[in-house]
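The next block holds one structure in the form of structure tokens; read it before the comments.
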Protein chains: 2
Amino acid sequence: MAFDDWDEVRTAYHVARLGTVSAAADVLGVHHATVIRHIDALEGRLGAKLFQRHARGYTATEAGQDLLLVAQATQDQLSQLAGRIKGRGNEVTGELVVTSVTSMSELLTPVLADFRLAHPELTVRFLTGSRLFRLEYGEAHVAIRAGAKPNEPDNVAQRFVDLCVGLYASRDYVERMGMPKGPDDFAGHSFVGLDDEKSRAPFQRWMHENIPAEQIVFKTNADISRAHAVRAGVGIGFLAGYSAHHDDDLVQIMPPRAEWGASTWLVTHVDLHRTAKVQTFLRFLKQAAKDWPVHG
Amino acid sequence: MAFDDWDEVRTAYHVARLGTVSAAADVLGVHHATVIRHIDALEGRLGAKLFQRHARGYTATEAGQDLLLVAQATQDQLSQLAGRIKGRGNEVTGELVVTSVTSMSELLTPVLADFRLAHPELTVRFLTGSRLFRLEYGEAHVAIRAGAKPNEPDNVAQRFVDLCVGLYASRDYVERMGMPKGPDDFAGHSFVGLDDEKSRAPFQRWMHENIPAEQIVFKTNADISRAHAVRAGVGIGFLAGYSAHHDDDLVQIMPPRAEWGASTWLVTHVDLHRTAKVQTFLRFLKQAAKDWPVHG
DNA sequence: CAATTGATGTGCATTTTTGCAATTGCCGTT
DNA sequence: AACGGCAATTGCAAAAATGCACATCAATTG
């Protein structure tokens, strides 16, 4: 490839456009000797003359005029690109990628939908489930994480809502099996738990320590399935307070405890944190969260 | 302008395309460190991140992906341009600009027409007349010059045909004024000459030295007008041998002399001389000139 | 016709860029 | 849980590009 130095192309472009080495050097902000050497090097590698040299300057040959057209297009496109990139930091357009644990989907989805409506030029992608999506790989702009404060470098984390979880069972279950009066009255009852043994969710560790394994009769790896199981009357299980609070088919077995709940964190990559798109979304999300029944 | 270093754009392009700094450095033939520094500099000037850095390489942000598209187009266009420029040296296409003194138009035009027919992709421009068109300014590819060998630097000149000029008059003029028997018998005759006092044409200097000024009754600045005047019977004048030879309306007053004639030269700019287009035309022209009645 | 202007070309000192090698950090594997 | 490998960094020396001053040449002007 002869054009393995795009700067020389740019130099040749200005020479072809302006007609003299001196003028091009002036525009480029370099010494005219540099311009001459760029042209010489480029022509040498091409094996063809781009300019005819004479006392009044450089005039482009056919090859030089051809280069002029191509470089002109490049120049224009780069200018537009620069504008887009600079503007993009101040606009809420393109794609907004948000990731969170599946259990928050119910809360987040309406907010994302509203945000999408408020910004018609925006496309929203909500990633959840199967695996952890990582900000440092550029897989998402914003992550809502649960648990201890994330302290990965290059990530900025700010505290979000505290999720409360309580023990619930379906009205149907309570009618069949009776209402336990307290933690000491759990004998004979069935429980719904997580399939993941090494889950670090605090309520799951509490269940693991306080409920005999043989009483955990239904295990699932998805939060949503656990909720379905509890509602279907399989047994007693932890449910998020916001989800169970206004559901008349559910009975609270034990009220939420602080030790069961989890803090959540809004996490962004430091490179994207300052952009208008991310900032706008974070403000929008925090405003919407004020109406969440997370303390139910 | 943020993109004032197109080489950095090229570097960023390869990083965006390949996903890692190392792979890009490999393709570019430079060190990893150079690639990193290019990216850092470019991002710094843009004020925006083009890549998210992580342990497995660089992944392009939206801005980086946008740059990838633009740079991809540039890369493609430059590749095509390189192909065109390299190929153009071996093809007879585009424009062929030929310049000569007006007096040779009659001889050259048919050759140019034939050459044009032989190379359909070629456009021919024939410049003559008003002023001297200069090869060093790229105004023409080939010049046919008369007189002493041109010795301008950067021009290559090769000897072409010798033009012979003789003294002619119209048959009508001779019938009216009589046929002079030789140079000593010119008294009372009328002559047609050049308007340009300081013309360096040898036949014109001969006339200036041997014919009294008052006998030069018709002066013109264009060769073609001089020929018209002689044919119209205004007087005796120098005409090119090839032009007068087979014209029954013209009478040769004095046969051509070597001292009147002029050598002609094929001149090309050194930068263009080696190209196929110019070489092909020169061969074609020299072949055609073999049939010219320039010694008439 | 001489002087001046404005342009290109070239040797040399300096600044900038680049290459090198050692380091760190992270991921996947043993 | 430790190890090996790959990729990104970073300090320092070498190399390359650049700037500068001067030379040169052509065209224009007085």
Side-chain angles (χ1 to χ4, degrees), chain A residues 4-12 14-16 18-45 49-60 64 131-132 134-139 150-155 198 269 271, chain B residues 4-8 10-12 14-16 18-45 49-60 64 131-132 134-139 150-155 198 269-271:
Chain A
D4 54 358
D5 190 328
W6 287 13
D7 251 345
E8 291 176 353
V9 175
R10 177 164 175 264
T11 302
H14 283 288
V15 173
L18 298 169
T20 70
V21 168
S22 304
D26 208 36
V27 169
L28 291 166
V30 297
H31 203 270
H32 66 264
T34 303
V35 174
I36 292 177
R37 288 189 270 247
H38 277 188
I39 303 296
D40 288 346
L42 191 52
E43 287 184 338
R45 241 174 298 130
K49 292 289 176 185
L50 294 170
F51 299 95
Q52 300 244 8
R53 295 139 168 79
H54 50 82
R56 286 223 285 253
Y58 278 34
T59 60
R131 68 184 180 88
L132 188 69
R134 306 190 58 161
L135 297 179
E136 55 267 38
Y137 291 180
E139 294 184 310
N151 62 345
E152 303 160 64
D154 296 337
N155 282 8
K198 46 194 188 306
H269 194 281
D271 287 347
Chain B
D4 53 358
D5 190 328
W6 287 13
D7 251 345
E8 291 176 354
R10 177 164 176 263
T11 302
H14 283 288
V15 172
L18 298 168
T20 70
V21 168
S22 305
D26 208 36
V27 168
L28 290 166
V30 297
H31 203 269
H32 321 272
T34 304
V35 174
I36 292 176
R37 289 188 269 247
H38 278 188
I39 303 296
D40 288 346
L42 191 53
E43 287 184 337
R45 241 174 299 128
K49 292 290 177 184
L50 293 170
F51 299 95
Q52 300 246 5
R53 295 138 167 80
H54 51 82
R56 287 222 286 257
Y58 278 33
T59 60
R131 65 185 181 88
L132 187 69
R134 307 190 59 158
L135 297 179
E136 55 267 39
Y137 291 180
E139 294 185 310
N151 63 345
E152 303 160 66
D154 297 337
N155 282 9
K198 46 193 191 304
H269 194 280
V270 65
D271 288 346

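Each chain gets a letter, A, B and so on, in the order the sequences are listed, and its residues count up from 1.
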Quick check for you: among [options], whose closest atom lies nearest to any side-chain atom of [X]?
X: A/Ala33; options: C/dT10, C/dT8, D/dT9; result: C/dT10
X: B/Thr34; options: D/dA8, C/dG19, D/dT18; result: C/dG19
X: A/Ser22; options: D/dA26, D/dA27, C/dA7; result: C/dA7
X: A/Thr20; options: D/dA8, D/dG19, C/dA7; result: C/dA7
X: A/Ala55; options: C/dT10, D/dA26, C/dG9; result: D/dA26

Interatomic distance, [X] [atom1] vs [N] [atom2] [rounded to whole Å]:
X: B/Ile36; N: C/dT23; atom1: CD1; atom2: P; answer: 17 Å
X: B/His54; N: D/dT9; atom1: NE2; atom2: P; answer: 11 Å
X: A/Asp7; N: C/dT17; atom1: CG; atom2: C1'; answer: 12 Å
X: B/Asp26; N: C/dT18; atom1: CG; atom2: C1'; answer: 16 Å
X: A/Leu28; N: D/dT18; atom1: CG; atom2: P; answer: 11 Å
X: A/Asp40; N: D/dA16; atom1: CG; atom2: C1'; answer: 16 Å
X: B/Glu8; N: C/dT16; atom1: CD; atom2: C1'; answer: 13 Å
X: B/His31; N: C/dT16; atom1: NE2; atom2: C1'; answer: 18 Å

Hey, is the side chain of B/Arg37 pairing donor to acceptor with the base of C/dG19 inside 3.5 Å?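 Indeed there is one.
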Does B/Arg56 place a side-chain N or O at less than 4.0 Å from the phosphate oxygens OP1/OP2 of C/dG28?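 For C/dG28, OP1 or OP2 has a side-chain N or O of B/Arg56 closer than 4.0 Å.
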Side-chain contact, heavy-atom cut-off 4.5 Å: A/Arg53 with A/Val21?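 No, every pair of side-chain atoms sits at 4.5 Å or beyond.
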Less than 4.5 Å apart, side chain to side chain, heavy atoms only: is that true for A/Val15 and A/His38?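 Side-chain contact under 4.5 Å: no.
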Between [X] (side chain) and [Y] (backbone), is there a donor-acceptor pair under 3.5 Å?
X: A/Arg10; Y: B/Asp4; value: yes
X: B/Asn155; Y: B/His269; value: no
X: A/Arg134; Y: A/Glu139; value: no

Toward the 5' end of DNA chain D, by each residue's nearest nucleotide, B/His32 or B/Arg134: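 On the 5' side of the pair lies B/His32.
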